[in-house]
Number of protein chains: 2
Amino acid sequence: MRLSTKGQYGLRAMFELAINYGEGPLSLKTIADRQYISEHYLEQLIATMRKAGLVSSTRGAQGGYVLSRSPEEITVGQVIRVLEGPLAPVECVIDDEESVCDRSGYCPTRIVWKKIRDSINQVVDSITLQDMVDDYRKMHPDESYMFYI
Amino acid sequence: MRLSTKGQYGLRAMFELAINYGEGPLSLKTIADRQYISEHYLEQLIATMRKAGLVSSTRGAQGGYVLSRSPEEITVGQVIRVLEGPLAPVECVIDDEESVCDRSGYCPTRIVWKKIRDSINQVVDSITLQDMVDDYRKMHPDESYMFYI
DNA sequence: TTTAATGCCTACTAATATACTCGGAATTAC
DNA sequence: GTAATTCCGAGTATATTAGTAGGCATTAAA
């Protein structure tokens, strides 16, 4: 049960925007270079995030991307769900409707899938981009961000 | 981030064996029919579980499969990991070695993946097949299992 | 001792998703 | 005007998934 690279790359890109929040737009190329992601591929991912309202763009020279909200207002869960869809281990627990299958009301495995789903979402919804930045800075108090790469 | 049908079908099959535990072997066909799974496909999954020591088989007429241990000694986590591999949202947190990538020691996203991994495993390792049987019986105290199908 | 019921094994396959690549049009700072 | 950038649609190689197919091996029961 793996996340695709969409979620992985997307969160790395968002971290990059978060740690540079308030310092003007970052170009796609800058983000891709610093996070070792294919530029063209990241372009598609960031387009998805732009359409979902997580990032804003400025076109033209010196343009780039910034977070649409401050890092403490964006959770890991929001980012991953935009890129990967609902975080559910099986389709029948994407939402709580009992109508997804004729056994859903008394399916013993479905209870298990719901518990997994809820625990994943609880984790990702409780971590903000700001938390990630704080964690990073706590681990590297003496280094400037330039040395991150 | 979905489980494949291997994990889903496998757990359904194991539930079937658990609720019939102590009553002799169940044939592949019986399990497949009751759980609406392709017989040939289930055969491959149950072969994996047999090799992993979760079920035992009896060949020949009147043969079939039984759990190798009692339902309270088999967790959902054991079943899913045998069929799906390690439950980790990304490869770099399958184990805790820092050597998987050159940034692993200070990668801010890796911390997130570890938290997701741990929360999933905590859930699945705390649920046994007996728990699933108990849940099922609690929901259907007045019905014999014959009506489950 | 035959036969039917069963498990065991290897190989094949259609459909889908993934993780990109490619080329070019539109926009804007300098 | 030009270079730097975002925006957009299309194409593609590879891997995975979710099976299917066919036959051999084993054993209980008639």
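In what follows, chains carry the letters A, B, and so on, assigned in the order in which the sequence lines appear, proteins first and then strands, with residues in each chain numbered from 1.
- Between A/Tyr9 and C/dC20 there is a side-chain polar atom (N or O) within less than 4.0 angstrom of OP1 or OP2.
- The nearest whole Å value for the distance from the NE2 atom in A/His40 to the P atom in C/dA19 is 18 Å.
- Side-chain N/O atoms of B/Arg50 include none lying less than 4.0 angstrom from OP1 or OP2 on C/dG7.
- Taking only distance into account, the side chain of B/Arg59 never meets the base of D/dT26 through a donor-acceptor pair shorter than 3.5 Å.
- Nearest to the side chain of B/Ser27, among D/dC7, C/dT6, D/dT5, sits C/dT6.
- Counting to the nearest Å, the P atom of D/dA18 and the CG atom of B/Leu3 are 10 Å from each other.
- Whole-Å rounding puts the A/Gln62 CD to D/dT5 C1' distance at 9 Å.
- Cluster annotation: B/Met14 is connected to B/Ile127 through the hydrophobic network of ILVMFWY side chains, with a link wherever side-chain heavy atoms come within less than 4.5 Å.
- Looking at which nucleotide of DNA chain D each of B/Ala61 and B/Glu84 is closest to, the 5′-most match is held by B/Glu84.
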(request) Determine, stepwise, if the pair B/Gln122 / B/Asp118 fulfils side chain to side chain donor-acceptor pair (under 3.5 Å). (result) CA-CA 6 Å; B/Gln122 197 280 322; B/Asp118 292 344; over 6 Å; no
(message) Is there a side chain to side chain donor-acceptor pair (under 3.5 Å) between A/Thr128 and A/Asp131? Walk through the geometry before answering.
(response) CA-CA 5 Å; A/Thr128 68; A/Asp131 293 330; 3.2 Å; yes
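- For C/dC8, its base sits under 3.5 Å from the side chain of B/Glu43 at one donor and acceptor pair at least.
- Contact annotation: side chain of B/Gln44 to base of D/dT20, donor-acceptor pair present below 3.5 Å.
- The minimum heavy-atom distance linking B/Lys6 with B/Tyr41 is given by the pair CG-OH, 3.7 Å.
- Here the side chains of B/Leu54 and B/Gln78 are in contact, with some heavy-atom distance below 4.5 Å.
- Across the protein-nucleic acid pair, A/Met1 atom CE and D/dT16 atom C1' stand 17 Å apart, rounded to whole Å.
- In this structure, B/Arg110 does not pair ionically with A/Asp135, as no charged nitrogen and carboxylate oxygen lie closer than 4.0 Å.
- The shortest distance between the side-chain N/O atoms of A/Thr58 and the OP1/OP2 oxygens of D/dT6 is not below 4.0 Å.
- Between A/Ile37 atom CD1 and C/dA19 atom P there is a gap of 12 Å when expressed in whole angstrom units.
- Across all strands shown, B/Ile46 has no heavy atoms under 4.0 Å from either base or sugar-phosphate atoms.
- Contact between the side-chain N/O atoms of B/Ser57 and the OP1/OP2 oxygens of C/dC8 is found at a separation under 4.0 Å.
- OP1 or OP2 of C/dA19 has at least one side-chain nitrogen or oxygen of A/Ser4 nearer than 4.0 Å.
- Heavy atoms of A/Arg2 sit nowhere under 4.0 angstrom from any nucleic acid atom.
- For D/dG19, neither phosphate oxygen OP1 nor OP2 lies less than 4.0 angstrom from any side-chain nitrogen or oxygen of B/Ser38.
- Remark: P of D/dC7 and CG of A/Leu42 are 12 Å apart, rounded to the nearest angstrom.
- Summarising the geometry, the separation between OH on B/Tyr41 and C1' on C/dC9 is reported as 17 Å, rounded to the nearest angstrom.
- As a whole-Å value, the separation of A/Leu83 CG from C/dC20 C1' is 15 Å.
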